[in-house]
Participant: 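Sharing a structure, written as structure tokens. Questions coming.
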Amino acid sequence: QVHLVESGGGLVQAGGSLRLSCAASGRTFSSYAMGWFRQAPGKEREFVAAINWSGSITYYADSVKGRFTISRDNAKNTVYLQMNRLKPEDTAVYYCAVVLTSRTIPPMGKSEYDYWGQGTQVTVSS
């Protein structure tokens with residue numbers, strides 16, 4: 001089992017930046033794909049970004065492409081989400097997740113992931 005804990009959320013002004021971290025405890029996920037998802041009030045949890053085991057392959061939702069960057073530090077069992085040029089529509093609870101099965105590419109569907117963190121709130125004011 002993997003325990004994931006997100007941090008770094010908070011209140012930020014539109015156009016600002018925020019860096020989220022997801023730290024793993026217990027079983028490490030250095031060989032597995034990781035993803036970031038978000039869920040705003042009244043909306044379903046949606047894909048934000050994903051990264052393969054080595055960090056060589058990344059995918060982003062169109063809504064965040066060019067603004068967000070996912071990265072990982074396997075030595076620290078941590079995945080990051082650098083969020084730049086934030087918009088009010090980025091406001092949501094952000095979750096990190098890990099898929100434990102081997103994947104050639106990181107999946108984008110939330111049903112593909114096995115473990116989830118509790119989320120961290122990101123609020124972008126206008």
Participant: Distance-only, no hydrogens or angles: does the Thr91 side chain make a donor-acceptor pair with backbone N or O of Val124 under 3.5 Å?
Facilitator: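 Present.
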Participant: Treating Ile, Leu, Val, Met, Phe, Trp and Tyr as nodes and any side-chain heavy-atom pair under 4.5 angstrom as an edge, say whether Met108 and Val98 lie in one connected cluster.
Facilitator: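 Result: no, two separate clusters.
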Participant: Ring pair (Phe, Tyr, Trp, His ring centres under 6.0 Å) with Tyr60: which residues, sequence neighbours excluded?
Facilitator: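 For Tyr60, no residue satisfies ring pair (Phe, Tyr, Trp, His ring centres under 6.0 Å) once neighbours in sequence are set aside.
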Participant: Keeping the roles fixed (side chain from Thr78, backbone from Lys76), state whether a donor-acceptor pair exists under 3.5 Å.
Facilitator: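 Yes.
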Participant: Measure the spacing between OG of Ser7 and OH of Tyr80 and express it to the nearest 0.5 Å.
Facilitator: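 If we round to the nearest 0.5 Å, Ser7:OG and Tyr80:OH are 9.0 Å apart.
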Participant: Identify the heavy atoms of Ser71 and Ile51 that sit nearest to each other, and give their distance.
Facilitator: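 It is CA-CD1, 3.7 Å.
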Participant: Pair Leu81, Val79 - check side chain to side chain contact (heavy atoms under 4.5 Å, CB included), show working.
Facilitator: CA-CA 7 Å; Leu81 185 67; Val79 64; over 6 Å; no
Participant: Let me confirm one number: the CZ-NZ distance from Arg67 to Lys87, rounded to the nearest 0.5 Å.
Facilitator: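 Rounded to the nearest 0.5 Å, the CZ-NZ separation comes to 4.5 Å.
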Participant: For the atom pair OG1 (Thr120) and CG (Leu18), what is the distance rounded to the nearest 0.5 Å?
Facilitator: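 If I round to the nearest 0.5 Å, the distance is 8.0 Å.
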Participant: Identify whether Met34 and Val2 are in the same connected component of the hydrophobic contact network (ILVMFWY, side-chain heavy atoms under 4.5 Å).
Facilitator: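 Hydrophobic grouping puts Met34 with Val2.
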Participant: Taking the six-membered ring for Trp, are Phe68 and Trp36 ring centroids under 6.0 Å apart?
Facilitator: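 No: the rings miss the under 6.0 Å criterion.
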Participant: Do you know the tightest heavy-atom contact between Ser126 and Ala14?
Facilitator: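 Heavy atoms of Ser126 and Ala14 come nearest at CA-CB, 4.3 Å.
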Participant: Between Asn74 (side chain only) and Trp53 (backbone N and O only), is there a donor and an acceptor less than 3.5 Å apart?
Facilitator: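 Yes, because the side chain of Asn74 sits within donor-acceptor range (under 3.5 Å) of the backbone of Trp53.
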Participant: Where is the tightest heavy-atom contact between Pro106 and Tyr59, given as atom of each residue plus distance?
Facilitator: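 What the structure gives for the nearest pair is CG-CD1, 3.5 Å.
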Participant: Taking all atoms of both residues into account, what is the closest heavy-atom pair of Ser125 and Leu11, and its distance?
Facilitator: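 Nearest heavy atoms, Ser125 then Leu11: CB-CD1, 4.3 Å.
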Participant: What is the distance from atom CG of Leu100 to atom OH of Tyr115, rounded to the nearest 0.5 Å?
Facilitator: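 Separation between the atoms: 6.0 Å.
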Participant: Please answer whether the main-chain N or O of Ile57 pairs with a side-chain N or O of Asn52 as donor and acceptor at a distance below 3.5 Å.
Facilitator: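 Yes, the answer is positive, given that a donor and an acceptor are paired below the 3.5 Å cut-off.
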Participant: Has Glu6 got a side-chain atom pairing as donor or acceptor with Gln118's backbone, closer than 3.5 angstrom?
Facilitator: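 Side chain of Glu6 to backbone of Gln118: a pair is present.
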Participant: Treat each ILVMFWY residue as a node, draw an edge where side-chain heavy atoms are under 4.5 Å apart, and state whether Leu20 and Ile70 are in one component.
Facilitator: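 In one cluster: yes.
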Participant: Check Tyr32 against Arg72 and note the closest heavy-atom contact, atom names and distance.
Facilitator: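 Result for this residue pair: O-NH1, 2.7 Å.
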Participant: Do Val93 and Val64 sit in the same hydrophobic cluster, where Ile, Leu, Val, Met, Phe, Trp and Tyr count as joined when their side-chain heavy atoms come under 4.5 Å apart?
Facilitator: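 No; tracing contacts between hydrophobic side chains, which count when under 4.5 Å, never links both residues.
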Participant: Could you check whether any side-chain heavy atom of Met83 comes within less than 4.5 Å of a side-chain heavy atom of Tyr94, counting everything from C-beta outward?
Facilitator: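 Heavy-atom side-chain distance check passes, below 4.5 Å.
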Participant: So, for Phe37 and Tyr113, is the gap between ring centers shorter than 6.0 Å?
Facilitator: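 Yes, ring centres under 6.0 Å apart.
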Participant: Taking all atoms of both residues into account, what is the closest heavy-atom pair of Glu112 and Pro107, and its distance?
Facilitator: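 Taking Glu112 first and Pro107 second, the nearest heavy atoms are CB-CB, 3.7 Å.
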Participant: Begin from the C-alpha positions of Glu46 and Arg38 and carry the test side chain to side chain contact (heavy atoms under 4.5 Å, CB included) through to its verdict.
Facilitator: CA-CA 5 Å; Glu46 66 176 3; Arg38 67 187 182 186; 2.7 Å; yes
